[in-house]
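All remarks here apply to the structure that follows.
We count ligands from 1, going down the list as the structure has it; atoms in each ligand are counted the same way. Note: hydrogens, waters and symmetry copies are ignored here, and every other heavy atom, side chains too, is used.
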Amino acid sequence: MELRRTKKVLLGVSGGIAAYKAPMLVRALVKSGREVRVVMTEAAHRFVAPLALETVSGYRVRTDVFDTSGSVDHVEEARWADVMVVAPATANILAKMAHGLADDMLTTMYLAFSGTVVVAPGMNTRMWEHAATRHNVSLLEGRGVRFVGPDSGELACREVGAGRMVDPEVLVSALDDLEKPNDFNWLHVMITGGPTREYIDPVRFISNPASGKTAIALAVESAHRGADVTLVLGPTNLKVPVHPRIRVRKVTSSADMAREVLNDFMNQDILIMSAAVADWTPLHQQPRKMKKEDMGDRMELRLARTTDILKEAAALRGGRPRPYLVGFAAETASGEDLVRLAEEKLQRKGCDVILANDVTAGGFGQDINRLLLVSRSGVEDLGEHSKTRLAQVILDALRRHMDSSPVDTRQTGS
Ligand code: CTP
């Protein structure tokens, strides 16, 4: 599996209206830990000032092939880069790239560059759909050039259709994708995350301190590794990074979450239940705010058990090996006690894997977490990692387990 480095980015900016996004793109790339050098066409100067790009990238912007004042020549610059990104790419620049014309610095560098090229087209819909552009795109794709976008929507020319350059964060995540293995390619992964809220009345609810951090990190990592992700997310303030392969479904209560998951999980290859689903919900939800005067000094709340989503999913799956079912166990126990509780939970829920952690040692809302993976083939300590790193470790482990241990249907609990 070929993993690419994308740390040094040679950004080619051509002359379309979306060139105004170039400084934002450079900032987003730099923020993601990348170094960026910019080359622009003459036409791009009309939409964005080179000084803006020099300021955000920290490097002199190149435009003129005959300018010898800089110390680095174009071949050296092309050799320096891990990846070349052309954004926005106009119909004109695509045509030149497809046919090997090199009449400016950008196209000269394209020919001098032998690594991965990523292109974000930005142009009017009719130009994008024109047979000449379609042909040029297929020539470039056939040569291994990767296209990101364009998006559809209202364009600068007020027409509606395909042609809008993707947002900078989408391009950044496309580069992140290149650095990851493609081992979840074509898999449909459903991930639940965050807490749920069980409303008592319109202004009061029962909840828990889960943040959804682990679920979001798992969603991003799965998408980078090629999966098509559905993230069913309870109420959280965290922002889900934009990725074309992540679909977010926001839910509030455990009943909402149960509905979302149980309706769709059989279309998935993997269900990862990392949400902290409430186990109890008010037996009666009051439609109007309860007033203290009406309640007296004490209030008794009657609760009912919620649907155990994971257990229900295992029962609905029956004897089939897929979707692969992954549960979490947040416990206040460590060592052998933690393992015993996780093994019992694995059995009781009928899932394939339980990822167990001791919440007294960190967990909810924390950045660092330590997990044990408990399956029918044994216990594995996944170690202590940041939640972003932990997501990689979890997916590596799940990949191994899915490949090596198909579910033993005789042992499913429910
Ligand atoms: N879970 C679920 N539906 C619920 C409660 C939990 O699907 N109503 C899932 C969680 O997302 C997690 C796993 O079941 O993946 C274990 O959750 P946990 O709360 O640890 O287990 P419980 O069965 O609730 O057992 P207990 O709270 O008694 O430890």
By the ring pair (Phe, Tyr, Trp, His ring centres under 6.0 Å) test, which pairs, at least two apart or in different chains, include something from residues 189-225? Y199-F205, H224-H243

Can you pull the ring pair (Phe, Tyr, Trp, His ring centres under 6.0 Å) pairs that have at least one residue in residues 110-148, sequence neighbours excluded? none

For the pair E260 and R249, evaluate salt bridge (Lys or Arg N to Asp or Glu O under 4.0 Å) and give the outcome as yes or no after the intermediate values. CA-CA 8 Å; E260 281 292 342; R249 296 205 187 134; 3.3 Å; yes

For ligand 1, give me the residues whose heavy-atom distance to it is below 4.0 Å, by chain and number please. M273, A275, V277, A278, D279, T306, T307, D308, I309, L310, G327, F328, A329, A330, K345, R348, K349

Under the rule for side-chain contact (heavy atoms from CB on, under 4.5 Å), what residues qualify as partners of T307, not counting sequence neighbours? A258, L262, E312

Let me see the working for E77 and R62 under salt bridge (Lys or Arg N to Asp or Glu O under 4.0 Å), right down to the final yes or no. CA-CA 10 Å; E77 198 105 84; R62 316 281 305 256; 3.1 Å; yes

Donor-acceptor pair between S207 and E198 side chains, under 3.5 angstrom: no

